Amino acid sequence: MIRYKISETLNKALENASPALNDIALDRVALADVLGRIKIERPKQKDHGDYAVNISPLSSLAKLGPPQIAQILEKELAHCVDLEASTIAGFVNFRINTLLMAQALLNTLTTKVPGKNDSLKSDTILLEYVSANPTGPLHIGHGRWAALGDSLVRIWRHCGATVTPEFYINNAGVQTFKIGYSIYLRAVEQILTANGMGIPDDMEAPPYPGDYVKELASQYLSQPKSKEDILALCEKHLQVFEGVLTSDDFQVFIQPHIEKISAFAVETFSAQQKALLETMGVHFEAWFREKEMLHDRGLVDEIVSRLKHDGFCYEQDGALWLQSSDFEDEKDRVLKKSDGSYTYLAPDVAYHHQKFSRADADEQPQYNRIINIWGADHHGYIIRMKAALTALGHLKDMDDPRFEVILGQLVNLIVDGEKERMGKRRKMLTLADVIDEVGVDATRFWMVSKSADTALDFDVDLAQAETHENPVYYAQYAHARCASILRNAVEPTPTEENPKPTPFISFEALDELSDSPSIEDLTPLFNVLEEGSEDSNAFEHLKSLILRLDAFEDSLKEAAKTSSPHIVARYALDLAADFHSFYNVCRILTDNSVITRARLALILSIKKTLAQALELLGVSAPDSM
RNA sequence: GCCUCAGUAGCUCAGUUGGAUAGAGCAACCGCCUUCUAAGCGGUCGGUCGCAGGUUCGAAUCCUGCCUGGGGUACCA
């Protein structure tokens, strides 16, 4: 609100001073462009004021040096009541008075949902993220996408966007077959062992070697008739070694059986993943099933033929190639292998085609932004996907903003001080293990407190050993402190000297203060200055707090615009720091009921804002710790 | 080789659409609990912003080259 006020004031001053500034206000378009580049920010040096505006961008339009422009503006701004302007070189600095601060605080108090705005009102977003293969448990890397994606969904919605979070279940293709086959091999092992027979040395190693496959195999065997199925498969399998059956014939024979086992695995893992995500507070509205939604409906065939028909494909070496090199890709990509099966790209193109084809009730495209979160290992994939989507006419060119990929750098799991490469195919700590050890709040906060384009080291031992030094507790503690103050205000703790203390404020009065505060409730806040009994820094801390609260909406808009939840994490920490500092120099509950009332209003606002910031990150805001 | 992300305090990272004297947390050291939660506060220490050029009134930020590390560079998914 304060930034808005400053920008309004500045615009007006420019308008009035226009004649002295080479008629700067006449060229509306140019001026608007320049004003868009002017930032209103908090200066690093406190003595420069509360807000600073660097007016250098104006100098080319006004044909004057920045210092002269500043001088002229300063004169113009001298009439301003609640803003005191001064200039140094090319900067116009503003100092705000207590009335404006009180208004800003009142504004944050009366806002039902802090930071709520409509900056993304016209955005309809389909965000696909996590989309882990249903062939095993989620690992730590998926945790990062889960935390990042879900926080983005919450932040975008807070800024007025319509968002559908979607999870793509890869329940078709080679990996699915491999997990089924792995379970079959493990089941055979278990049957052999149960019958007191050893496992032959030359027995095939399962494509997925993890222990969780063994668990799933025994789960599978506990189902009715499953043992008979496995034995039948095993018998055929032996015939291959005896030379009675060819390997190819065996493949044909086992295919449907393995598919059955695969389906079992996919459903089990998928449910497991979903449950863990829900535990983390990560909720998907849509679960898109590759097999049923694409393959069974012939959509993959359809899209490939369409690309072929439209002349974007050619055949070479028995394979079908997409001419992605026509669209900035360094080479062409195979859609259909020479053995007739599709590469991973083909169903994925079909999937994205489907995303773009979704329409609302008015036959209009349902989404104007289709966004994916992908790991950095999929980086090379972006261009070929864009190429296919451009060929299909969904994108007007390769830079079309309708399709975005948020590329997140990978997570290194650090165990015993050593990096462990993450991957599904070796024994490792799963995301579930990490959540168990570290907790949802700490994990989620950790995952989003760094920008997505930095590789993240997740040190399990550190997270376990130093949970109390984790930054998330700092923010949560501030919230708990606020809650505690409010509790004490209404119901003070009895002591030996005073077994029945008088409340500082009645429950009803606090309620009223929270629901309908007035500016008169707040102005006594600034009496700290006069009182002088507290630390002389109290006023500065108070000002920082109020300006921070006032800037919440701006931070959210920035986070939403740049898809950067870490801005919100940082905000929560900054607000917590401002509060902790203030708390230490200024007592909230005093004998003066008017001052107490005003300070409680401040606490209400801090608590509300902090809770909202944490909520947007999927982190709880406890009332006590 | 090419593409891409990163390199900022001992450690983990903000800041990068060019702006004032470079910012946190952790670690280390010194203080602060008879009073609202010390999971806190105040202070000290700590920097050639990877290196070298360039662009300009001004560069951690933009350009070029180089160095180091991560990821990618499949008829794998």
Side-chain angles (χ1 to χ4, degrees), chain A residues 36-37 39 41 43-45 47-48 52 54-57 59 65-67 88-91 93 133 135 170 173-176 178 316-321 330-331 333-345 347-348 375-383 407-410 412 419 421 424 446 449-457 459 462 466-478 480-489 492-493 495 504 535 537 541 562 566-567 569-570 573-574 576-577 579-590 596 599-600 603 624-625:
Chain A
R37 298 207 321 262
K39 282 181 285 189
E41 47 197 4
K44 287 169 195 155
Q45 297 297 109
D47 50 321
H48 281 140
N54 177 4
I55 47 90
S56 310
S59 64
I88 306 173
F91 289 87
N93 298 317
N133 281 345
T135 53
N170 242 285
V174 186
Q175 297 306 319
T176 311
K178 280 186 181 167
Q316 190 184 314
D317 306 328
L320 185 72
W321 297 71
E330 55 184 332
K331 54 180 282 204
R333 308 291 171 177
V334 173
L335 280 174
K336 203 176 200 174
K337 298 182 240 177
S338 50
D339 68 5
S341 65
Y342 288 119
T343 61
Y344 180 70
L345 181 62
D348 219 17
D377 52 339
H378 283 64
H379 152 75
Y381 213 72
I382 300 174
I383 285 212
L407 211 61
Q409 297 299 309
L410 302 182
N412 296 305
K419 281 194 186 185
R421 247 210 76 181
K424 275 190 285 285
W446 179 266
S449 55
K450 285 139 213 228
S451 111
D453 40 43
T454 327
L456 195 81
D457 284 347
D459 190 322
L462 204 78
E466 298 197 306
T467 41
H468 291 279
E469 266 143 23
N470 194 308
V472 70
Y473 295 104
Y474 183 81
Q476 289 184 318
Y477 185 60
R481 253 186 171 173
C482 289
S484 170
I485 293 170
L486 293 172
R487 274 196 303 272
N488 282 312
T493 322
T495 59
F504 292 90
D535 191 301
N537 286 325
H541 287 307
T562 58
H566 76 268
I567 291 177
R570 182 140 224 97
L573 292 177
D574 286 341
F579 166 65
H580 284 312
S581 294
F582 180 71
Y583 173 89
N584 260 265
V585 295
C586 183
R587 216 189 139 74
I588 310 302
L589 304 176
T590 71
T596 299
R599 292 182 184 168
L600 281 173
I603 299 301
S624 66
M625 288 175 74

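Small disclaimer: the values here were computed from a predicted structure and weren't measured. Chain letters run A, B, ... following the sequence lines, proteins first and then strands; every chain starts at 1.
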Participant: Could you tell me whether the phosphate oxygens of B:A38, OP1 or OP2, come under 4.0 Å of any side-chain nitrogen or oxygen in A:Arg481?
Facilitator: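 Answer yes for this pair, as a side-chain N or O of A:Arg481 is under 4.0 Å from OP1 or OP2.
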Participant: Between C1' on B:G70 and CG on A:Asp457, what's the gap in Å once rounded to a whole number?
Facilitator: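 Taking CG of A:Asp457 and C1' of B:G70, I get 10 Å after rounding.
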Participant: Determine whether A:Trp446 and A:Leu456 make a side-chain contact, defined as any pair of heavy atoms from C-beta on separated by less than 4.5 Å.
Facilitator: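 A:Trp446 reaches A:Leu456 side chain to side chain.
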Participant: Side chain of A:Arg587 only, heavy atoms from C-beta on: which candidate in B:C3, B:C36, B:U73 is closest?
Facilitator: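 Looking only at heavy atoms from C-beta outward on A:Arg587, the closest nucleotide is B:C36.
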Participant: Tell me which of A:Ala483 and A:Thr454 sits closer to the 5' end of RNA chain B, going by the nucleotide each one is nearest to.
Facilitator: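 The 5'-side residue here is A:Thr454.
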Participant: Within the 4.5 Å heavy-atom criterion, are A:Ile485 and A:Arg599 side-chain neighbours or not?
Facilitator: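 No, every pair of side-chain atoms sits at 4.5 Å or beyond.
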Participant: Looking at A:Tyr583, I'd like to know whether one of its side-chain N or O atoms comes within less than 4.0 Å of OP1 or OP2 on B:A38.
Facilitator: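 So the side chain of A:Tyr583 is within the cut-off, an N or O lying under 4.0 Å from OP1 or OP2 of B:A38.
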Participant: Please classify the nucleic acid contact of A:Ser624 as base, sugar-phosphate, or nothing, using heavy-atom distances under 4.0 Å.
Facilitator: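 It contacts base atoms.
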Participant: Side-chain donor or acceptor of A:Gln409 under 3.5 Å from a matching atom on the base of B:G70?
Facilitator: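 Yes, the side chain and the base share a sub-3.5 Å donor-acceptor pair.
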Participant: Using a cut-off of 4.0 Å on non-hydrogen atoms, how would the nucleic acid contact of A:Ser338 be classed: base, sugar-phosphate, or nothing?
Facilitator: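 Here A:Ser338 touches the bases of the nucleic acid.
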Participant: Which part of the nucleic acid, if any, lies within reach of A:Thr343 when heavy atoms closer than 4.0 Å are counted: base, sugar-phosphate only, or nothing?
Facilitator: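 Sugar-phosphate contact only - A:Thr343 comes under 4.0 Å of backbone atoms but never of a base.
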Participant: Is the glycosidic torsion of B:C33 within 90° of 0, making it syn, or is it anti?
Facilitator: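 Syn.
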Participant: Can you check the distance between B:G25 and B:U21, where both ends of the measurement are the P atom (answer in whole Å)?
Facilitator: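 So the two P atoms sit 23 Å from each other.
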Participant: Name the nucleic acid region contacted by A:Gln476, choosing base, sugar-phosphate or nothing; use a 4.0 angstrom heavy-atom cut-off, strictly under.
Facilitator: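 The residue A:Gln476 makes no contact with any strand.
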Participant: So, do A:Leu600 and A:Leu589 sit near enough that their side-chain heavy atoms are less than 4.5 Å apart?
Facilitator: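 Contact flag for A:Leu600/A:Leu589 side chains = yes.
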Participant: Ignoring backbone atoms, establish whether A:His566 has a side-chain N or O less than 4.0 Å from OP1 or OP2 of B:G15.
Facilitator: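 Checking A:His566 against B:G15: at least one side-chain N or O falls below 4.0 Å of OP1 or OP2.
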Participant: Measure the distance from NZ on A:Lys450 to C1' on B:A14 and round it to the nearest whole Å.
Facilitator: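 After rounding, the reported distance stands at 11 Å.
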Participant: State, yes or no, whether a side-chain contact exists between A:Leu345 and A:Val334 at a heavy-atom distance under 4.5 Å.
Facilitator: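 A:Leu345 does not reach A:Val334 side chain to side chain.
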Participant: Roughly how many Å apart are B:A38 and B:G31, using the C1' atom of each and rounding to a whole number?
Facilitator: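 Here B:G31 and B:A38 have their C1' atoms 13 Å from each other.
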Participant: Figure out the CE/P separation between A:Met625 and B:U37, and round it to whole Å.
Facilitator: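 The answer, rounded to whole Å, is 14 Å.
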Participant: Less than 4.0 angstrom between a side-chain N/O of A:Lys337 and OP1 or OP2 of B:A74, yes or no?
Facilitator: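 Answer is no, no contact under 4.0 Å.
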Participant: Take atom P in B:U17 and the same atom in B:A60, then report the distance between them in whole Å.
Facilitator: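 13 Å, rounded to whole Å.
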Participant: Quick one: is A:Tyr473 getting a side-chain N or O under 4.0 Å of the B:U37 phosphate, OP1 or OP2?
Facilitator: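 No, because none of the side-chain N or O atoms of A:Tyr473 sits under 4.0 Å from OP1 or OP2 of B:U37.
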Participant: Can you tell me, in whole Å, how much space there is between the C1' of B:C41 and that of B:A24?
Facilitator: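 It comes out at 16 Å once rounded to the nearest Å.
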Participant: Atom CG of A:Leu410 to atom P of B:A6: distance rounded to whole Å?
Facilitator: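 My rounded result for the distance is 14 Å.
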Participant: Taking only side-chain N and O atoms of A:Asn470, does any of them lie within less than 4.0 angstrom of OP1 or OP2 on B:C26?
Facilitator: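 Indeed not, no polar side-chain atom of A:Asn470 lies that close.
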Participant: When the distance from CG of A:Asp348 to C1' of B:A77 is rounded to whole Å, what number comes out?
Facilitator: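 After rounding, the reported distance stands at 10 Å.
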Participant: For atom C1', what is the distance between B:C67 and B:A52, given to the nearest Å?
Facilitator: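 The same atom, C1', in both gives a distance of 11 Å.
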Participant: Return one dot-bracket line describing RNA chain B 5' to 3' (Watson-Crick or G-U wobble pairs, both distances under 3.5 Å; ( ) same strand, [ ] crossing, | another strand, . none).
Facilitator: ((((((((.[[[[.)...(...]]]].(((((.......))))).....[[[[[..)....]]]]])))))))....
Participant: Nearest to the A:Ile485 side chain among B:C75, B:A77, B:C36, which nucleotide is it?
Facilitator: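 That would be B:C36.
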Participant: Look at A:Lys39 and B:U16 and indicate whether a side-chain polar atom (N or O) is within less than 4.0 Å of OP1 or OP2.
Facilitator: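 Answer is no, no contact under 4.0 Å.
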Participant: Would you kindly give the CG-to-C1' distance between A:Leu407 and B:G71, to the nearest whole Å?
Facilitator: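 Answer to the nearest Å: 9 Å.
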Participant: Is there a side-chain contact between A:Ser581 and the phosphate of B:G42, meaning an N or O under 4.0 Å from OP1 or OP2?
Facilitator: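 Result: yes.
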Participant: Between A:Ser56 and B:C57, is there a side-chain N or O to OP1/OP2 distance below 4.0 Å?
Facilitator: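 Negative; the distance criterion is not met.
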Participant: What is the distance from atom CG of A:Asp377 to atom CD of A:Gln409, rounded to the nearest 0.5 Å?
Facilitator: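 Between atom CG of A:Asp377 and atom CD of A:Gln409 there are 9.5 Å.
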Participant: Indicate, with a heavy-atom threshold strictly under 4.0 Å, whether A:Asp453 touches base, sugar-phosphate, or nothing.
Facilitator: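 Sugar-phosphate only.
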Participant: Under 3.5 Å, is there a donor-acceptor pair linking the side chains of A:Thr493 and A:Asn488?
Facilitator: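 The answer is yes; a qualifying pair exists.
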Participant: For nucleotides 20-23 of chain B, print each protein N/O atom paired with a nucleotide N/O atom at under 3.5 Å, atom names and distance only.
Facilitator:
residue	atom	partner	partner atom	Å
B:A20	OP2	A:Lys44	NZ	3.2
B:A20	N6	A:Asn93	OD1	2.8
B:A20	N1	A:Asn93	OD1	3.4
B:A20	N1	A:Asn93	ND2	3.4
B:A20	N3	A:His48	NE2	3.4
B:U21	N3	A:Gln45	NE2	3.0
B:U21	O4	A:Gln45	NE2	3.3

Participant: If you measure from CG on A:Asn93 to CG on A:Asn54, what distance do you get to the nearest 0.5 Å?
Facilitator: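 If we round to the nearest 0.5 Å, A:Asn93:CG and A:Asn54:CG are 10.0 Å apart.
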Participant: Assign each of A:Leu589 and A:Trp321 to its nearest nucleotide of RNA chain B by heavy atoms, then name whichever residue's nucleotide is nearer the 5' end.
Facilitator: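 Closest to the 5' end, via its nearest nucleotide, is A:Leu589.
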Participant: Return the value, rounded to whole Å, for the distance between atom NE2 of A:His378 and atom P of B:C5.
Facilitator: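 Distance check: A:His378 NE2 to B:C5 P gives 18 Å.
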Participant: Can you find a heavy atom in the side chain of A:Lys337 that is under 4.5 Å from one in the side chain of A:Thr343?
Facilitator: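 With C-beta onward as the side chain, the pair touches.
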Participant: For the pair A:Tyr583 and A:Phe579, name the ring-plane relationship: parallel under 30°, tilted 30 to 60°, perpendicular over 60°.
Facilitator: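 The arrangement is tilted - the two ring planes meet at 30° to 60°.
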Participant: Rounded to the nearest 0.5 Å, how far does OH of A:Tyr477 lie from NE2 of A:His580?
Facilitator: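 The NE2 atom of A:His580 sits 7.0 Å away from the OH atom of A:Tyr477.
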Participant: If we ignore hydrogens and angles and just use 3.5 Å, is the side chain of A:Ser581 paired with the main-chain N or O of A:Ala577 as donor and acceptor?
Facilitator: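 Yes.
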Participant: How close or far is atom P of B:G15 from atom CD1 of A:Ile567, stated in whole angstroms?
Facilitator: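 For the pair A:Ile567 CD1 and B:G15 P, the rounded distance is 7 Å.
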Participant: What is the nucleic acid contact for A:Tyr474, judged by heavy atoms within less than 4.0 Å: base, sugar-phosphate only, or nothing?
Facilitator: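 Sugar-phosphate, no base atom in range.
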Participant: So do the side chains of A:Val174 and A:Tyr344 get within less than 4.5 Å of each other, counting heavy atoms only?
Facilitator: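 No. Closest side-chain heavy atoms not under 4.5 Å.
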Participant: Could you check whether any side-chain heavy atom of A:Met625 comes within less than 4.5 Å of a side-chain heavy atom of A:Tyr473, counting everything from C-beta outward?
Facilitator: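 Yes, at least one pair of side-chain atoms sits under 4.5 Å.
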Participant: Between B:C36 and B:A14, how far apart are the P atoms? Round to whole Å, please.
Facilitator: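 Going atom to atom, P in each nucleotide, I get 38 Å.
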Participant: Could you measure between the two P atoms, the one in B:U61 and the one in B:G15, and give it in whole Å?
Facilitator: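 Pairwise P distance, B:U61 against B:G15, rounds to 15 Å.
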Participant: With rounding to whole Å, what would you report as the distance between B:G23 and B:U37 at their C1' atoms?
Facilitator: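 Their C1' atoms lie roughly 28 Å apart.
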Participant: Classify A:Ala455 by what it touches in the nucleic acid, base, sugar-phosphate, or nothing, heavy-atom distance under 4.0 Å.
Facilitator: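 The residue A:Ala455 makes sugar-phosphate contact but no base contact.
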